[in-house]
Structures are given as C-alpha cells and as structure tokens.
Number of protein chains: 2
Amino acid sequence: MEEKQRMNGDLRRRILDTTRHLLVSEGYNSLSMRKIARAIGYSATSIYLHFESKDALVHALIEEGMAQKYETLRSIAEAHREDVIARLKALCRGYIDFGIDNPEYYEIMYMLHPEQMARFPAEKYRRARRNLEVIVDTLREGAEGKLLYVEDPLVAASAIWAALHGAVSLLFSRRMDVRVDREAFIDTVISQTLRSYIVAPEGADAGVSTV
Amino acid sequence: MEEKQRMNGDLRRRILDTTRHLLVSEGYNSLSMRKIARAIGYSATSIYLHFESKDALVHALIEEGMAQKYETLRSIAEAHREDVIARLKALCRGYIDFGIDNPEYYEIMYMLHPEQMARFPAEKYRRARRNLEVIVDTLREGAEGKLLYVEDPLVAASAIWAALHGAVSLLFSRRMDVRVDREAFIDTVISQTLRSYIVAPEGADAGVSTV
DNA sequence: TTGCTTACTTAACGCTGTTAAGTCTGGAGT
DNA sequence: ACTCCAGACTTAACAGCGTTAAGTAAGCAA
C-alpha cells in the first residue's frame, strides 16, 4: 500500500515535471498526452491513472505555479517589510520577472483562452487570489500610513495587476516595436502604474491632476 | 474570368463571416475547418481553395480586425481633434470597448498563444502598428503643447497599450474578484494609466513623485 | 496453486489539419 | 455537334489528437 503510493507519487511527479519541460521547449499548443507519455517512457493512457484529463493535469501545474508565485511575492514583501513604496515597486517587478523567468507557468496560468480558463475550477482559483492580496495588503498599509492615495485597494490592486499582466503579455507576444528598449518599457510600465498612487513628498516638482 | 473571381470572392467572404460567427458562439478553441465547412454547406477542403491553411484564414480575419480597430480609433481621434487629453482618454476607452464589443476579434488579435502569434507574418503585423501610432501621435502632440509630460512617446504608448490590454484580458478571463465593479475597474485602469502623463493644472492639490 | 489486486498496455472511437486524387459542369474551339 | 479543357468542388486518406474500454502481466495472499 505504501509502496504503491510512493510509486504513484513518483510517476505523478515525473508527469508534472516532464509536462513542464515540454511546455518550456515546445509551448502549450503542441503539448499532447502522447508526447508526454513518450517522454516518460509510458503509454499515453498511463497518465490517466494519475490525472483525470489533460485539463486536470494542466490545472495541477497551474496550482503549482500559483503556489510558487505566491512564495516569490511573499518573500519579496518580507524583504521590504519596512518600506511600503519600495515593497510595492519590488512586487511589481517581481510579478513581471516571474513571467519572464517562468514562461511555461505564465502561459498556462494567464494566457489560456477564455473558454479554457473557464474550465479551471473556481474553487482552486480562489486560493490563487492570495497573490492579489499581497498587493491589496500593501496598498492598504500604504493608505493607512498616508504614503499612498488609494480609494479602493481591491480595485486599485486589480488595475495594477492588469497593467502588469499586459506588460508580460506584450513582452511574450514579440510584437513590441524593436525600437523599444525592454528595460525602459518595464520601468515605464511600473512607474506609470504606481505614480498615480504615491502621495507626493514635500516640494515635489510635478503635479498630478484628477483624471 | 470575372464571373469566377466574383464567385471566388463570394465564397471567401462567406468563409470569413462564418468563421467570425463561430468564434463568437464557440470560441477559438473549438473552431475547426470541418465546422466552418458544415456551416457554409461545403466540404472542408473547399476552404483550402481560398486560404492556404487554417492559420492563413485566421490571419486574414486578424487583418480585418486590425483594420476595423484602426477605423474606430481614428474616428475617436477625429471626434476629439481639439482636446488632446480628452482624446487620449477616449482612445483608451475605445481600446477597451473594442475588446468588449468584439471579443471574437480580440481573442485572435491579442490572445493567441505566443507560438501562434509568432506565425502571424511580421510584414502583415507592421501594418497593424498604425493602431499604436494613433496613441504615439497623441502623446507627441500633448508633449509639444506642454499638456503632457512624456519622455519617450513610443515607450509610453507601448506601456499604455500594455495596461489596456491587461485590463481587457482580465475582464475576459472571468477571474476578477466579484466585488470589483466592472466600470470602476475600467475607470481606475484608465486614470491610473494616464495620470502620470498629465501635467498638473495650476494649483493641483496632489503631487507626484518620481517613481 | 488459485485468485485477486495493482500497474500498466493495446485497440479503438471520433475528432483534428491537411494532401492527393477524382468528379462533375460549363463553355470555347473546331 | 463533338471534343477538350479549365474550374469548382468532393471523396478518401494520413498522421496525430483526447479519451474510453478491454486486456495483460506481475506480485502477493490464502
């Protein structure tokens, strides 16, 4: 019984890892059960002993990606415990870097088509919302300390999230104008996104209008 | 000869229109050549008489979407000829509304997977960049009139573009927190995005820091 | 030795994009 | 009027897809 579970667990892990590697090397589009099976040296139907369907396999991988992202964001927040604004900037940077560093995760976590996204169980998705809450909490803390001007932290966090996702998505699409420097683009996105929330220090030179 | 071309043209149009309808009703994922064929009452291989491949068919549709979007943005710009800031806001709103109003176009134009995007011919994509240029031109005009503060119009336009895409993408994904009001979210994205570029009028109350 | 459980495979179904080959129709040329 | 050809379209097929049902081989308990 324990032997079985260990072996089951092993194969399950191998399937997940191999799938991830295939996503890196060939992308989601050309991912197939038979390819995964070939790569691990089993028949395609063996995968169904560990995952209900291809969707379920991808969903398991999405969950792992969400968890890894949460760890990343949480440790960034930890590292900037004392400075809310630095924390916020670092979290934005962390969001974008996560996408750049883990394109295979990012693709399945955020770049599936709407119909595919809808198949990701809502209950599993709720857990993934912790990631947004790291931003929400930071905004709230900044607002309480009068360092940030935030009307509705949840709406603001969603808007920041959207802007960051758009940036990663554009970077992935290879459709950006070649004259645009990657780093300048990323910096611009972050500063453009955050500037409107940061309360000006005394004697700031540029003003802001209510749009 | 002319008869032939007319008929060819007719069927080509019918294929494009039918494909668009199928995208609306069933989404890109379940689009298939055989379904399109069934819907127009021809065999699947007939489509290949007018399009080299499924990709080519989708690319033709993408081009039509890009053209339609350009017309939309251009007429918005025209309508706000005299007021740069109002024009910019309206263009942002127009971008998002285009996505909401034409999800089938938006899905194939901006939500394909990176590998699929890469197959869209670069030469055809160059024409689609006109859309970004509407924003670039507006930013440049605003900067010249000292109404906007823009370091690099192309980078800034790309960053704005990214934020708007992120917003549409998040709206489509059905993953937004139910407590977030749709309209409040859209307004927040636009104001968050533009506020950092708008030069404050005299006596503005809130300042801005250099992020 | 029998029989059961577990881990796995093979064969098959209906679907996919795509190619090659075939059919049918209408009109031009003689 | 008959032949021939071009054009528009279809059928059949291939390899691959996700998935299911049925089968097999090994190990272990009785």
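Below, read A as the first sequence line, B as the second, and so on, with proteins coming before strands; counting in each chain starts at 1. Remember, it's a predicted structure, so these values are computed and weren't measured experimentally.
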Enquirer: Between protein and nucleotides 10-17 of chain C, what N or O pairs are separated by less than 3.5 Å?
Expert:
residue : atom : partner : partner atom : Å
C/dT10  : O4   : A/T45   : OG1          : 3.1
C/dA12  : N6   : A/R34   : NH2          : 3.4
C/dT16  : OP1  : B/S32   : OG           : 2.8
C/dG17  : OP1  : B/M33   : N            : 3.2
C/dG17  : OP1  : B/K54   : NZ           : 3.1
C/dG17  : OP2  : B/M33   : N            : 2.9
C/dG17  : N7   : B/R34   : NH1          : 2.6
C/dG17  : O6   : B/R34   : NH2          : 3.0

Enquirer: Applying side-chain contact (heavy atoms from CB on, under 4.5 Å), run through A/Y149 and A/Y197 and close with a yes or a no.
Expert: CA-CA 5 Å; A/Y149 176 72; A/Y197 298 109; 5.9 Å; no

Enquirer: Taking CZ from A/R12 and P from C/dC8, how many angstroms apart are they, rounded to a whole number?
Expert: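 Whole-Å distance recorded here is 15 Å.
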
Enquirer: For salt bridge (Lys or Arg N to Asp or Glu O under 4.0 Å), just list the numbers for A/R20 and A/E64, CA-CA rounded to whole Å, side-chain angles, deciding distance to a tenth of an Å, and then say yes or no.
Expert: CA-CA 11 Å; A/R20 200 146 96 75; A/E64 296 200 356; 5.7 Å; no

Enquirer: Judged by modelled atom types alone, do B/E115 and A/Y28 share a side-chain donor-acceptor pair under 3.5 Å?
Expert: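 No, no side-chain donor-acceptor pair sits under 3.5 Å.
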
Enquirer: Whole-Å distance between C/dA7 C1' and A/I47 CD1?
Expert: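 Atom-to-atom, A/I47 to C/dA7, this comes out as 15 Å.
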
Enquirer: Got a second to check how far B/R87's CZ is from B/L147's CG, nearest 0.5 Å?
Expert: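 Here the interatomic distance stands at 10.5 Å.
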
Enquirer: Please determine whether a side-chain nitrogen or oxygen atom of B/S46 lies at a distance below 4.0 Å from atom OP1 or OP2 of D/dA8.
Expert: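 So the side chain of B/S46 is outside the cut-off, no N or O lying under 4.0 Å from OP1 or OP2 of D/dA8.
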
Enquirer: What's the CG-P distance between A/L49 and D/dT20, to the nearest Å?
Expert: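 Between P of D/dT20 and CG of A/L49: 12 Å.
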
Enquirer: Round to a whole Å and report the spacing from CD of A/E52 to C1' of D/dT19.
Expert: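 Rounding to the nearest Å, CD of A/E52 and C1' of D/dT19 are 11 Å apart.
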
Enquirer: Starting from P on C/dA7, measure out to CD1 on A/I15 and report it in whole angstrom.
Expert: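 After rounding, the reported distance stands at 13 Å.
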
Enquirer: What verdict does the side-chain hydrogen bond (donor to acceptor under 3.5 Å, both in side chains) test give for A/Y125 and A/H59, after you've listed the backbone C-alpha separation in whole Å, the side-chain angles of each residue and the deciding distance to 0.1 Å?
Expert: CA-CA 10 Å; A/Y125 186 66; A/H59 292 161; over 6 Å; no

Enquirer: Rounded to the nearest 0.5 Å, what separates atom NZ in B/K54 from atom CE in B/M33?
Expert: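 CE of B/M33 is found 7.5 Å from NZ of B/K54.
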
